[in-house]
**Student:** 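Just passing along the structure, written as structure tokens.
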There are 2 protein chains.
Amino acid sequence: MQFSFRMPVAVHIMLCIAKFDGVFKTTSTFLASSVNVNPVIIRKTLGQLKAAGLVEVAAVVGGAKLTKAPQDITLQDVFQAVEEDEDLFHIQDNPNPQCPVGRNIHRVLGSRLSMVKSHMLDDFSRITLADLLEDIPDNE
Amino acid sequence: MQFSFRMPVAVHIMLCIAKFDGVFKTTSTFLASSVNVNPVIIRKTLGQLKAAGLVEVAAVVGGAKLTKAPQDITLQDVFQAVEEDEDLFHIQDNPNPQCPVGRNIHRVLGSRLSMVKSHMLDDFSRITLADLLEDIPDNE
DNA sequence: CTCACTGTAATACCATACATTACAATGAGA
DNA sequence: TCTCATTGTAATGTATGGTATTACAGTGAG
């Protein structure tokens, strides 16, 4: 089990937008060729990022821009823009209410797991796009 | 996106085994009725837990027992018993090597994400079955 | 010898992610 | 005004993986 491509793709896109700002027009086709996925995937992802207020997309001209400086955008922002706000784990919906374990499992395990998820989000909130950009050399 | 039932089911099973030790014979059918899934799911999960050395299953007689005390079994043990050891996120396999972002994304993003995953495992390692059992009353 | 139980294979079904094609809408630029 | 690249979105296809279910061989206690 693992998360889908979505968050990594979104991060990749935003890094490209930041990196090529003013140099290339970052259209969905251009971004798609860097990530190596279909341009439609890029457009959908850009749509989610736009809805979250992280990017602006030039509707007809083409190209996208970040709305904030890379050091002000965290992986948490990106994660929440493209992933559902749901529990990390799926606990069986209808455990047996006649069993003491069954009728308490949601409360007992769920509370711990949501704590783990919030720690994960905390981790994400401490990683900015600028951190990642620093690690990407301009040329080989 | 979220993880499957597997880990929560495994935890549920182990809590039942601990709770009903010496009271009921914890067969796969018995456990299945508490979790409310098919007994085959329970047997597969028990097989994984057995392979990880966390439980012993009485092959013919029926029933399972923990191999360690509940305070010595952590959610990390259970998680690793039932989940693949893989990255938390899936980064596109073939990004464009001609793009500076494309040829560095795995290293730059992957290292951060594996750190996040190891923090998650640390969290799991601090939660024991005994912690959960304490929160489950015997009767309503 | 019987029987309850485990272990496992086979199969079906369903949800979801990703890929791809198609096309309407739009405004910049010729 | 016309062309054209581009976005946004719908529709569809395909593959993967998780869960459900049936079936059955193997096994040792009683």
Side-chain angles (χ1 to χ4, degrees), chain A residues 1-10 12-13 16-17 20 24-33 35-52 55-65 79 81-84 86-95, chain B residues 1-10 12-13 16-17 20 24-33 35-52 54-65 79 81-95:
Chain A
M1 269 307 296
Q2 58 185 176
F3 283 93
S4 68
F5 286 119
R6 279 210 294 273
M7 199 267 252
V9 166
H12 190 144
I13 290 173
C16 280
I17 294 172
F20 298 120
F24 292 109
K25 189 166 70 162
T26 50
T27 66
S28 62
T29 307
F30 175 85
L31 294 169
S33 84
V35 182
N36 196 25
V37 294
N38 196 285
V40 175
I41 305 290
I42 302 291
R43 289 185 214 137
K44 272 194 202 164
T45 306
L46 277 176
Q48 292 179 298
L49 294 172
K50 188 173 67 173
V55 303
E56 281 166 2
V57 182
V60 170
V61 188
K65 298 219 174 307
F79 179 84
V82 298
E83 291 283 350
E84 298 282 320
E86 64 192 347
D87 290 339
L88 199 53
F89 286 85
H90 189 174
I91 302 182
Q92 173 69 16
D93 281 333
N94 305 302
Chain B
M1 270 306 297
Q2 59 185 176
F3 284 91
S4 68
F5 285 121
R6 279 209 293 274
M7 199 267 253
V9 166
H12 189 144
I13 288 173
C16 280
I17 293 174
F20 297 121
F24 291 110
K25 189 166 68 163
T26 49
T27 66
S28 63
T29 307
F30 175 85
L31 294 169
S33 84
V35 182
N36 196 25
V37 294
N38 196 286
V40 176
I41 306 290
I42 302 292
R43 289 185 214 138
K44 272 193 201 164
T45 306
L46 277 177
Q48 292 179 299
L49 293 172
K50 189 173 67 173
L54 299 176
V55 302
E56 281 166 1
V57 181
V60 171
V61 189
K65 297 221 174 305
F79 179 84
V82 299
E83 291 283 349
E84 297 283 320
D85 183 21
E86 62 191 349
D87 290 340
L88 201 52
F89 286 85
H90 191 173
I91 302 181
Q92 173 69 17
D93 283 332
N94 307 302

**Student:** Nearest-Å distance, NZ (K44(A)) to P (dT7(D))?
**Tutor:**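 Result: 16 Å.
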**Student:** Measuring from the side chain of T27(B) (C-beta onward, heavy atoms only), which nucleotide among dA20(D), dG18(D), dC5(C) has the closest atom?
**Tutor:**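 Of dA20(D), dG18(D), dC5(C), dC5(C) is nearest to the side chain of T27(B).
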**Student:** Would you say the side-chain atoms of Q92(A) pair up with the backbone N or O of N36(B), donor to acceptor, closer than 3.5 Å?
**Tutor:**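 Yes: the side chain of Q92(A) pairs with the backbone of N36(B).
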**Student:** Would V40(B) and R43(B) satisfy side-chain contact (heavy atoms from CB on, under 4.5 Å), going step by step from the backbone distance to the final call?
**Tutor:** CA-CA 5 Å; V40(B) 176; R43(B) 289 185 214 138; 4.1 Å; yes
**Student:** Below the 4.0 Å mark, does dG7(C) have OP1 or OP2 next to a side-chain nitrogen or oxygen of K50(B)?
**Tutor:** yes
**Student:** Nearest whole angstrom, please: distance from the P of dC18(C) to the CG of N36(A).
**Tutor:**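 Distance, rounded to whole Å: 14 Å.
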**Student:** To the nearest Å, give me how far apart CG (L46(A)) and P (dT7(D)) are.
**Tutor:** 8 Å
**Student:** I need the CD-P distance between Q48(A) and dA17(C), as an integer number of Å.
**Tutor:**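 For the pair Q48(A) CD and dA17(C) P, the rounded distance is 10 Å.
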**Student:** Take atom NE2 of H90(B) and atom C1' of dC18(C), then tell me their distance rounded to the nearest Å.
**Tutor:**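 Interatomic distance, NE2 of H90(B) to C1' of dC18(C): 11 Å.
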**Student:** Find the distance between CD (E83(B)) and CE (M7(B)) and round it off to the nearest 0.5 Å.
**Tutor:**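 Reported to 0.5 Å precision, the distance equals 8.0 Å.
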**Student:** According to ring pair (Phe, Tyr, Trp, His ring centres under 6.0 Å), who are the partners of F5(B), at least two apart in sequence or on a separate chain?
**Tutor:** H90(A)
**Student:** Got a sec, which residues hit side chain to side chain contact (heavy atoms under 4.5 Å, CB included) with T26(B), two or more places apart in sequence or on another chain?
**Tutor:**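 For T26(B) the side chain to side chain contact (heavy atoms under 4.5 Å, CB included) partners, ignoring immediate neighbours, are I17(B), F20(B), F30(B), L31(B), A64(B).
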**Student:** Rounded off to whole Å, could you give me the CD1-to-P distance for the I42(A) and dT20(C) pair?
**Tutor:** 13 Å
**Student:** Can you tell me how far the NE2 atom of H12(B) sits from the OG1 atom of T45(B), to the nearest 0.5 Å?
**Tutor:**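 The OG1 atom of T45(B) is 12.0 Å from NE2 of H12(B), to the nearest 0.5 Å.
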**Student:** Rounded to whole Å, how long is the line connecting atom CG of D93(A) with atom P of dT19(D)?
**Tutor:** 12 Å
**Student:** Given that T26(B) and Q92(B) both sit by DNA chain C, which one's nearest nucleotide is further toward the 5' end?
**Tutor:** T26(B)
**Student:** What is the distance from CZ of F89(A) to C1' of dT19(D), rounded to the nearest Å?
**Tutor:**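 Going from CZ in F89(A) over to C1' in dT19(D) covers 17 Å.
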**Student:** Could you pull out all residues at least two apart from S33(B) that satisfy side chain to side chain contact (heavy atoms under 4.5 Å, CB included)?
**Tutor:**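 With sequence neighbours excluded, S33(B) shows a side chain to side chain contact (heavy atoms under 4.5 Å, CB included) to N96(A), given in chain and number order.
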**Student:** I need the K44(A) NZ to R6(A) CZ distance, nearest 0.5 Å.
**Tutor:** 9.5 Å
**Student:** Bend across the helix from dC1(C)-dG30(D) to dA30(C)-dT1(D), to 10°, with axes taken over 5 pairs at each end?
**Tutor:** 0°
**Student:** How does each nucleotide of nucleotides 22-30 of chain D score, in 5' to 3' order, for protein heavy atoms under 4.0 Å: base (B), sugar-phosphate only (S), or none (-)?
**Tutor:** BB---BB--
**Student:** Measuring to OP1 and OP2 of dT6(D), would you say a side-chain N or O of S28(A) lies under 4.0 angstrom away?
**Tutor:**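 No, S28(A) has no side-chain N/O under 4.0 Å of OP1/OP2 on dT6(D).
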**Student:** Considering residues at least two apart in sequence or located in another chain, which fulfil the salt bridge (Lys or Arg N to Asp or Glu O under 4.0 Å) criterion with K50(B)?
**Tutor:**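 Counting only residues at least two positions away or on another chain, K50(B) forms no salt bridge (Lys or Arg N to Asp or Glu O under 4.0 Å).
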